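Proteins come first, then strands; the chains are lettered A, B, ... in the order of their sequence lines, and each starts at number 1. Note that the structure is predicted; figures quoted are calculated from it, not measured.
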Amino acid sequence: MSKVKISFNLNYEDIVVEVESNKRLLDMLREDLNMKSVKEGCGEGECGACTVIVDGITVTSCTVLAPQVDGCSVITLEGLSKDGELDKLQESFMEAGAVQCGFCTPGMILSAKALFMKNPKPSKDEIKRAMSGNLCRCTGYKKIVEAVEIARDK
Amino acid sequence: MKRYDYFSPKTVSEALDILENANNDTHIIAGGTDIVLDINKGRIEPDEIVNINKLQELKYVKCEDGLIKLGSTMTFSEIESDELLNKKAKVLVVACREIGSTQIRNLGTVGGNVVNSSSAADSVAALIALDASVVLKSKNEERTMKLIDFYDNGKSKIRKNELLTEIFFDEPNQNTATAFTKLGRRKALAIVVMSMGALLEKDESNICTKAQFVLGAVSRHPSRLYEIENQIIGQEINRDNLYELIDNMSTTIYKTIVEGSPGSLRRLNSAKYKSKSIKGIAKTTFESILSDLEIK
C-alpha cells in the first residue's frame with residue numbers, strides 16, 4: 001500500500017491523484033502536478049518558501065505528507081491568477097517593488113492571501129505577524145509589507 | 001527513502017486497531033512538523049505511518065467535571081484562538097502563540113509537542129505549570145498519568161500501541177492567574193532559550209493557596225520549582241514577596257545546569273547566562289500575574 005489514491009481540490013478544481021506515500025506535499029505539487037511556484041527553501045519548515053494554503057490556512061508544504069491533503073482544498077500561487085488575471089496581491093507586489101530574486105514571493109503572497117481570507121483589513125502589525133514565518137534574504141521586508149498594505153487598501 | 005505503508009484511520013477505534021499491530025518502525029503523524037523532518041533526515045525509517053490528522057474525535061476543548069480537557073490534535077493556532085483557554089489558561093495560550101511561525105502553529109499539535117519530548121517544547125512547559133495529565137489509549141487499555149511523570153530522561157513513556165488522546169488539567173478558579181514568558185533569539189521561528197510558566201492562586205486576603213512554577217529549557221524536560229513554590233504558599237502575593245523568590249530561582253538554575261553536566265565549559269556559560277536572564281523573565285511573568293490578580 002505504498003501508493004495512495006487521494007482526492008482533493010487544487011486551485012478550485014477537484015482532482016484525483018495516486019501518489020507515493022513518502023512524498024511531501026511540496027514534491028507532489030511540484031513534480032506530479034507541475035505547480036512550480038511552490039519553492040523548497042530550507043526543507044525544514046523554517047523559511048516559509050514552500051507555503052501553500054490548505055483548507056484556508058497556511059502550511060509549510062515541506063512538512064506535510066502528500067496523502068494528508070486527501071479531502072482538503074489546496075491553493076498555490078497558480079490559483080491566484082485565474083483566467084490570466086492577476087490577484088490584487090500579485091499586482092501590488094509588482095507595484096511596490098517587493099520582488100528581488102522572487103524566491104520567497106509565492107510564499108509571501110500566499111501568507112498575505114490567507115490573512116485576507118480571515119481578516120480583509122489587517123493592521124500593519126497583524127500583517128507582520130501573519131507573515132513572520134516567511135523569510136526574505138533580499139528585500140529587508142519593508143516593501144513586502146507595503147505591498148500587502150497596498151493590496152489591502154485597493 | 002524507504003517506502004512505507006500509509007494509514008489514515010477515520011476513527012480513534014480504527015487507529016487503535018492499527019496500532020495494536022505496531023512494531024518499532026510504526027510512527028504516528030499529526031501535524032508532521034517534527035516527524036517529516038525526522039524521516040527526510042534519516043533519523044527514523046518508518047515501515048508504517050498512521051495519520052491521525054483526520055480524527056475529528058481528537059479536536060476539542062471542553063470544561064467537564066472541574067477539568068479543562070483538550071483533544072490531542074488541537075493545533076497551536078486553534079489553542080491560541082480558543083475562548084475558554086484564553087480566559088482560563090493564559091499560560092498555555094501564550095506558550096502556543098510563540099511557537100514557530102503561523103504555518104507551524106497551523107500544523108503543529110499539542111499532542112505531538114508532548115510526545116516528541118523536546119527540551120524546547122513550549123506547550124509542555126505551560127502544561128506542567130497547569131499540572132496537566134495525559135490520557136494514553138490502546139485497544140484494550142487506557143492509562144492516565146501526570147505530564148511531569150511522562151518523561152524518562154529524553155524519552156516519553158508512550159507505548160508503541162498507544163495513542164495520546166487527551167490532555168487535561170484542573171480548571172483554574174477565578175482567584176487564579178497564569179503566565180508564560182519565553183526568551184528566544186528572535187520574535188518568530190525562535191527555539192526557546194529559556195522559558196517560565198507560572199500559576200498562582202490566592203484567597204480573599206491575597207494569601208497564596210497554590211503556586212506552580214516551571215522552567216523550560218533548563219533541564220532535559222521542563223521542571224517544577226517545588227522548593228520555590230513552597231516559599232510563597234501561605235504568604236501574601238505581592239510584588240516584594242514574588243521578587244524575593246528570584247534570587248533563589250537564579251541559584252537553582254545555576255546548580256541544575258552545572259550539576260547536570262559537571263566539567264562542561266559550555267554548560268557553565270549557559271548556567272551563567274540563564275541564571276542571570278531569569279531575573280528579567282521572572283519579573284515579566286510575575287508582573288503579568290499581579291496584573292491579572294489586580295494586585296498593585
Chi angles and distances behind the side-chain contact (heavy atoms from CB on, under 4.5 Å) call for A:Cys136, A:Ile144: CA-CA 9 Å; A:Cys136 172; A:Ile144 291 175; 4.1 Å; yes
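- Other residues, nucleotides and ligands contribute only 12 or fewer heavy atoms inside 6.0 Å of the CD atom of A:Glu13.
- Proximity to chain A at a heavy-atom threshold of 4.5 Å picks out B:Arg97, B:Ser101, B:Thr102, B:Gln103, B:Ile104, B:Arg105 from residues 83-105 of chain B, in numerical order.
- A salt bridge does not link A:Glu40 with A:Arg30: every distance from a Lys NZ or Arg NE/NH1/NH2 to an Asp or Glu carboxylate oxygen is 4.0 Å or more.
- Between the side chains of A:Ser73 and A:Asn9, no donor-acceptor pair is found at a separation under 3.5 Å.
- When the heavy atoms of residues 44-55 of chain A are compared with those of chain B, the residues falling under 4.5 Å are A:Glu44, A:Gly45, A:Glu46, A:Gly48, A:Thr51, listed by number.
- Heavy atoms from other residues, nucleotides or ligands lying under 6.0 Å from CZ of B:Arg220 number more than 12.
- At a heavy-atom separation below 4.5 angstrom, chain A is approached by B:Ala188, B:Leu189 within residues 186-195 of chain B.
- The pair B:Lys54-B:Glu14 does not meet the salt-bridge criterion, since no charged nitrogen lies less than 4.0 angstrom from a carboxylate oxygen.
- Checked by atom type and distance alone, the side chain of B:Ser270 never pairs as donor or acceptor with a backbone atom of B:Arg266 at under 3.5 Å.
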Checking side-chain contact (heavy atoms from CB on, under 4.5 Å) for the pair B:Ile18/B:Glu48: CA distance, chi angles, key distance, verdict? CA-CA 10 Å; B:Ile18 297 168; B:Glu48 296 167 331; 5.7 Å; no
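- Contact residues of residues 27-37 of chain B toward chain A are B:Ile29, B:Ala30, B:Gly31, B:Gly32, B:Thr33, B:Val36, B:Leu37 (heavy-atom distance under 4.5 Å).
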Given the rule in the side-chain contact (heavy atoms from CB on, under 4.5 Å) test, do A:Leu10 and A:Glu78 qualify, once you have shown the distances and angles that lead to the verdict? CA-CA 10 Å; A:Leu10 176 62; A:Glu78 285 86 350; over 6 Å; no
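- Looking only at heavy-atom pairs under 4.5 Å with chain A, the residue among B:Leu107, B:Asn53, B:Asn106 that has the most is B:Asn106.
- Heavy atoms of A:Glu20 lying under 4.5 Å from chain B belong exclusively to its side chain.
- Between the side chains of A:Asn22 and B:Tyr4, no donor-acceptor pair is found at a separation under 3.5 Å.
- Under a 3.5 Å cut-off, the side chain of A:Tyr12 and the backbone N or O of A:Gly79 do not form any donor-acceptor pair.
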Run the numbers on A:Ser7 and A:Asp70 for side-chain contact (heavy atoms from CB on, under 4.5 Å), then give the verdict. CA-CA 5 Å; A:Ser7 358; A:Asp70 184 37; 4.0 Å; yes
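- The closest donor-acceptor contact from the side chain of B:Lys274 to the backbone of B:Ala217 lies under 3.5 Å.
- Distance check, rounded to the nearest 0.5 Å: CZ of A:Phe116 to NZ of A:Lys121 gives 8.0 Å.
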